[in-house]
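Worksheet: one structure, shown below.
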Amino acid sequence: MRAYRELLAASDPDVFATLSGEEARQRSGIELIPSENYTYPEVLAVLGSVFTNKYAEGYPGRRYYGGQEFTDRVEELARERACRLFRCEHANVQPLSGSPMNQAVYLGLLEPGDTILAMDLSHGGHLTHGAPVSHMGRLFRFVRYKTDPATGAIDFDAVAALAREHKPRLVLCGYTSYPRDLDYAAFKNVADAVGAYTMCDASHYAGLVAGGVMGNPFDCGFDVVTTTSHKSLRGPRGGMILCRRELAARIDKSVFPGLQGGPHMNVIAGIAITLGKALDPAFADYARRVLANARCLAASLTARGVKLVTGGTDNHMLVADTQASFGLDGRAAEGLLDEAGMTTNKQILPDDPNPPLRPSGIRVGTPAATTRGMGEAEMEQLAGWMAEVLSRPGDAELRRSVREDVASLCARFPVPGLE
Ligand SMILES: *Cc1c(COP(=O)(O)O)cnc(C)c1O
């Protein structure tokens, strides 16, 4: 495993220096971006394996190149495990990442110009849910539902009224920045009333669905669930489309040859490993701890006067209004926390008056810290440091000393693969 480092150090010291730098950064700082995680050492190994040498255009048993005995087997393993884990009928594990995954669903089930009903981007929807700057936003007509400004809940009478007015062909739920679980039965009712497909983009929280601590859209009869593999699932960077059997052929054709060429077989092998781990009962325990840590962090921050969007969390993330809590925009808050060794990300809030690069809040999440083995005592410690650093933005000495405290905390919780 370590041999490649010595090879690289000798053959390309410039790239080696960036790798060592990133290793040190990951070791000594605390990762609180909710979409990030530390993957398994076995996944790191298989990503750097000879599976990366192989072209495998097509699907198991139907490839455009020879030599597919082992690539077929590993892709079958990934598909079978995905179906078992998420209780679905079909899985496509080839999307190169989350964005092409969602594009493949839209292009496979709809015609350009069709209407998609999705969550407003400032209320939590993702860029790939039709941001005006994205190609999908130009190709399809996106109509937006929002959350209630006071409670953060989704008003399904309003969603149903939008559906009646705009007749979407697809009702999309799922989010990148929303700290609550979703009422899938209510979304299914809205879609059924207008004959639309149902799709959930569970990219952020699929690990919590797999671990049984959040709802599974397939239990309410959803057509399609998409997810990245590298967030709460702890896998390599990739995407998966899970769907009902009737849609399998259209989804598969849309991914290949519709949108992509050769799949990344090293990533697919990593996804197979990841799903195997997620089927183990130990993963349900991980999911429970991710959730308990998020609740603890939310309660500790609230106790220190931090205002959270929706007032708390039901998942792995919190969205904090730093403008209202500290008079700091999200970019400034992100920068101050970074200086103190805590990585978060600036985040646009519902109907944010500020622009996306200087929004009013930040997102904070617990999957990565939980992977390192941190628990509620560490969450309280982190909440204390965060609130202190943000309430004294002029105090550079404080940030230096917190950075040292964060590094000594992190030294007790090694990053998997970097022990
Ligand atoms: C992260 C994310 C994606 C996109 O994933 P990439 O791998 O960054 O392309 C799509 N949808 C949601 C909801 C996400 O959170």
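Quick caveat: nothing in here was measured; it's all calculated off a predicted structure. Because only heavy atoms are used, hydrogens play no part in the values below, and waters and symmetry mates are left out as well, while side chains stay in. Counting convention: from 1, in listed order, for ligands and their atoms alike.
For the pair R363 and T344, the tightest heavy-atom approach, listed with the atom from each and the gap, is O-CB, 3.6 Å.
One finds no salt bridge joining R289 and E376 here, because no Lys/Arg side-chain nitrogen approaches an Asp/Glu carboxylate oxygen to under 4.0 Å.
With contacts defined as side-chain heavy-atom distances shorter than 4.5 Å, the pair N315/D181 does not qualify.
Relative to the ring axis of Y40, K277 places its NZ or CZ within 45° and under 6.0 Å from the centre.
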Show me a pair-per-line table, with atom names and distances to 0.1 Å, of protein N or O atoms that are under 3.5 Å from an N or O of ligand 1.
residue: ligand 1; atom: 7 (O); partner: S97; partner atom: OG; Å: 2.6
residue: ligand 1; atom: 7 (O); partner: G98; partner atom: N; Å: 2.9
residue: ligand 1; atom: 9 (O); partner: G98; partner atom: N; Å: 3.4
residue: ligand 1; atom: 9 (O); partner: S99; partner atom: N; Å: 2.9
residue: ligand 1; atom: 9 (O); partner: S99; partner atom: OG; Å: 2.7
residue: ligand 1; atom: 11 (N); partner: H126; partner atom: ND1; Å: 3.4
residue: ligand 1; atom: 11 (N); partner: D201; partner atom: OD2; Å: 2.6
residue: ligand 1; atom: 15 (O); partner: T176; partner atom: OG1; Å: 3.3
residue: ligand 1; atom: 15 (O); partner: K231; partner atom: NZ; Å: 2.7

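Ring-centre distance between F187 and Y184: not below the 6.0 Å cut-off. Between Y64 and Y55, the distance separating the two ring centers is not shorter than 6.0 angstrom.
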